[in-house]
Structure formats: structure tokens, C-alpha cells
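Working notes for the structure below.
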Amino acid sequence: MIEEMGIMGIVGASFAIMLVVAARKMAVKIDERIEKIREKLPGASCGACGLKGGCDALAEELVKDPSLLGKCRLVGPEEKREIGKILGIEVKEEEEKKLPRVRCTGESKILFEAAGERTCSAFSDLAGGPLACPYGCLGMGDCVRACPFDALRIENGLPVVDEERCRGCGLCEQACPRGVIKLLPKETKVLLLCNSPASGKEVNASCASGCIKCRICEKSCPVQAIKLDPLPIIDSSLCNVCGTCVEKCPRKVLKLGVAPLASTPPMPSG
């Protein structure tokens, strides 16, 4: 009996050793960098960059192909530098930061009081929406809900951007059914607060302050930095931030995006 138990013990120990050896040989090695990278990814709305599987998949793919790092707009510059250190690559300086700008004054005339699901997308599909201006901000907060960083809020019917929290990911721009929000360089010199390409007559009939394409801004610019197509387009390479267009605009749909120069250059003669 004792001899049989000894044999069984030896057989059992042999199987145990075989299982341990097999487990070690068949074990899949996990790259420790994946977990470290995952900790640097935002977690919020992962997958918005277009990679299936979200942040977990992105962390694994980054180890295989570090060039994917630039595809995720939710990752901030500091996090990208830290991930670059983990991957052993140099991360180039970020392009100029972009921020969502609201191109509407919120002064469209109201056609009817809307009821039901209060989302911009639903309202926009409802007979063109309750606003007379088909390009105006509906103010129902689709952009606010789309922001993973709590960087937007609605005030007086229009989105307000918290520039400190904003990552410039563009999810709010994508969520806006009317293209009211546009991602623009942070240092954009002059901002246009209207998104309507309609004629001046149509805008005048639907909104108290939309751009009527009067060309006064274009004609008054001392450095010829503004062209209408059909809305005013400001050439930042020419604009000297003198503020003349903002001052002359009869509808007040232009405002300075950055501080004006200390002195306004004289108007050219002739």
C-alpha cells in the first residue's frame, strides 16, 4: 500500500512538473509598455480617433506602430511626450492648438416653439428647426454632451468654450448638425460670428445680426486681408489686428480673437 502511494505521488509530481513547464513555454508574454501607455490615454470617448477597440486596442497598437500616436486627438501634448518616452521615440512639437469657435450670435428669429426631444439633431430634422435662420445655433447642447472633457456649456442659448479644459479634439464640431462650431487655430485674429451663406436679404429677414455680405469689412480693411466668398474670409498672414473691420461692421458679427495692436496703422491714401 505504501509502495503504491509512493508511485502515485511520483506520477502526480511528474505531471505537475510537466504542467508547469508547459505553462511557461505556452505563456503569452505581455509587453509591460502596453499598461503604461494605457494609463496615459484619456479613457473618455476612446475610439473617437477611429481605432476600433478604444484605448486598450490603441495601447496595444501603439507598441506595434508608434506612428499611430498622432491619430488620437484626445491625447494632449504632455501625454504624447510621456508615451513617446515609453515607446522610445521622439514626439515632435504639436501643431498650433485649435479651439472650437461658435459662429453664431444666437439672434435668429423664432418660427415656432419646439417641443419633444430637445437635441439639436432632432430639432434640425424637424421641418428645418424652430429658427428662421437654417444655419443658426439651436442651443440644445449636442456639442456639450459630445465633449468628453466638460469644456462646453450653454449660456443664453449659445455654447461657451472653457479653453483651459478644451483639448481641441473636434468632437463638438462633429456633433453640431449645422456646422455652427468650427475648430480654428487658437490665435485666430478675427472671428466671424455667423455661419450663414445666405444672401444679405435672406439673412436680414431671419436674423437680427447675421452677416449680410455688405462688404464693408472688405472695403475698410487697410491691408486687404478680407475677401468675401460668400462670407468674409480673413487672411491671417495679412491681418494686423487693427480692429477696423470689427469697428466698421454694421451687424457686429466680427470680433477680435486676439488682442489688437497698440496702435492702428493709418489708412492708405487713394
Answer yes or no: is there an ion pair linking D31 with R33, defined by an N-O contact shorter than 4.0 Å? yes
Answer yes or no: is there a side-chain heavy-atom contact under 4.5 Å between K98 and E187? no
Side chain to side chain contact (heavy atoms under 4.5 Å, CB included) between C137 and V180, worked out: CA-CA 6 Å; C137 177; V180 171; 4.0 Å; yes
Do L62 and I86 share a hydrophobic cluster (ILVMFWY, side-chain heavy atoms under 4.5 Å, transitive)? yes
Identify the two heavy atoms, one from T105 and one from V253, that lie closest to each other, and give their separation to 0.1 Å. CG2-CG1, 4.2 Å
Here's a test for you: under side chain to side chain contact (heavy atoms under 4.5 Å, CB included), which of S124, C176, S108 qualifies with L138? S124
Between P130 and F112, what is the shortest heavy-atom contact and its length? CB-O, 3.3 Å
Can any side-chain N or O of R103 pair as donor or acceptor with the backbone N or O of C194 at less than 3.5 Å? no
Given L254 and L193, is the side chain to side chain contact (heavy atoms under 4.5 Å, CB included) satisfied, shown in steps? CA-CA 6 Å; L254 292 172; L193 308 181; over 6 Å; no
CG-CG distance between L69 and L58, expressed to the nearest 0.5 angstrom: 8.0 Å
State the CD1-SG distance between I37 and C55, to the nearest 0.5 angstrom. 12.0 Å
Check R38 with D56, please: is the shortest side-chain N to carboxylate O separation under 4.0 Å? yes
Can you tell me if E164 has over 12 outside heavy atoms packed within less than 6.0 Å of its CD? no
From CG (L183) to SG (C169), nearest 0.5 Å: 8.0 Å
Quick one: does any side-chain atom of E107 pair with a main-chain N or O of S209 as donor and acceptor, under 3.5 Å? no
Membership question, hydrophobic clusters at under 4.5 Å side-chain separation (ILVMFWY): are L99 and L152 in the same one? no
Would you find a donor on one side and an acceptor on the other, under 3.5 Å apart, between the side chain of D142 and the backbone of C120? yes
Atom CD1 in I216, atom CD1 in I226: separation rounded to 0.5 Å? 11.5 Å
Test item: E163 and C166 side chains (from C-beta on) under 4.5 Å apart, heavy atoms: no
Does atom CG of N156 have more than 12 heavy-atom neighbours from other groups under 6.0 Å away? no
To check you understand the geometry: which heavy-atom pair defines the closest contact between S196 and C133, and what is its length? CB-SG, 4.4 Å
Take L184 and L191 through the test side chain to side chain contact (heavy atoms under 4.5 Å, CB included) and record every step on the way to the result. CA-CA 9 Å; L184 296 174; L191 300 174; 4.3 Å; yes
Do any N or O atoms from the side chain of K189 and from the backbone of C239 form a donor-acceptor pair under 3.5 angstrom? yes
Under 3.5 Å donor-acceptor, K213 side chain and A198 backbone: yes
Indicate whether any N or O donor in one side chain lies under 3.5 Å from an N or O acceptor in the other, for E247 and T244. no
Are any side-chain N or O atoms of R101 and backbone N or O atoms of K186, one a donor and one an acceptor, separated by less than 3.5 Å? yes
Any non-hydrogen side-chain atom of L131 less than 4.5 Å from a side-chain atom of L111? no
Is L87 reachable from L68 through a run of hydrophobic residues whose side-chain heavy atoms are each under 4.5 Å from the next? yes
Could you measure the distance from the CG atom of L256 to the SG atom of C242? Nearest 0.5 Å is fine. 8.5 Å
Donor-acceptor contact below 3.5 Å, side chain E60 vs main chain A57: no
Closest non-hydrogen atom pair, V102 against P159: CG2-O, 3.5 Å
Main chain of E173, side chain of K182: is a donor-acceptor contact present, judged purely on distance under 3.5 Å? no
Non-hydrogen side-chain atoms of T119 and R145 separated by less than 4.5 Å: yes
With respect to C217, which candidate in C249, C211, P250, P232 satisfies the side chain to side chain contact (heavy atoms under 4.5 Å, CB included) definition? P232
Is a salt bridge present between E39 and K36, judged by a nitrogen-to-oxygen distance below 4.0 Å? no
So P230 and P197, do their side chains get closer than 4.5 Å, heavy atoms only? yes
Regarding K85 and E82, does a basic nitrogen lie under 4.0 Å from an acidic carboxylate oxygen? no
ILVMFWY cluster, M140 and I181 together (side-chain gap under 4.5 Å): no
Looking at SG of C143 and CG of L171, how far apart are the two atoms once the value is rounded to the nearest 0.5 Å? 11.5 Å
Going only through I, L, V, M, F, W and Y residues with side-chain contacts under 4.5 Å, is there a path from V246 to L231? yes
Could you tell me whether a side-chain N or O of R165 sits under 3.5 Å from a main-chain N or O of F149, the two making a donor and an acceptor? no
So which heavy atom on G84 is nearest to which on V91, and how close? CA-CG2, 3.7 Å
Atom of I89, atom of P66 and distance for their closest heavy-atom approach: CD1-CB, 3.6 Å
Note: with side-chain heavy atoms under 4.5 Å as the link, the other cluster members for V203 come out as I212
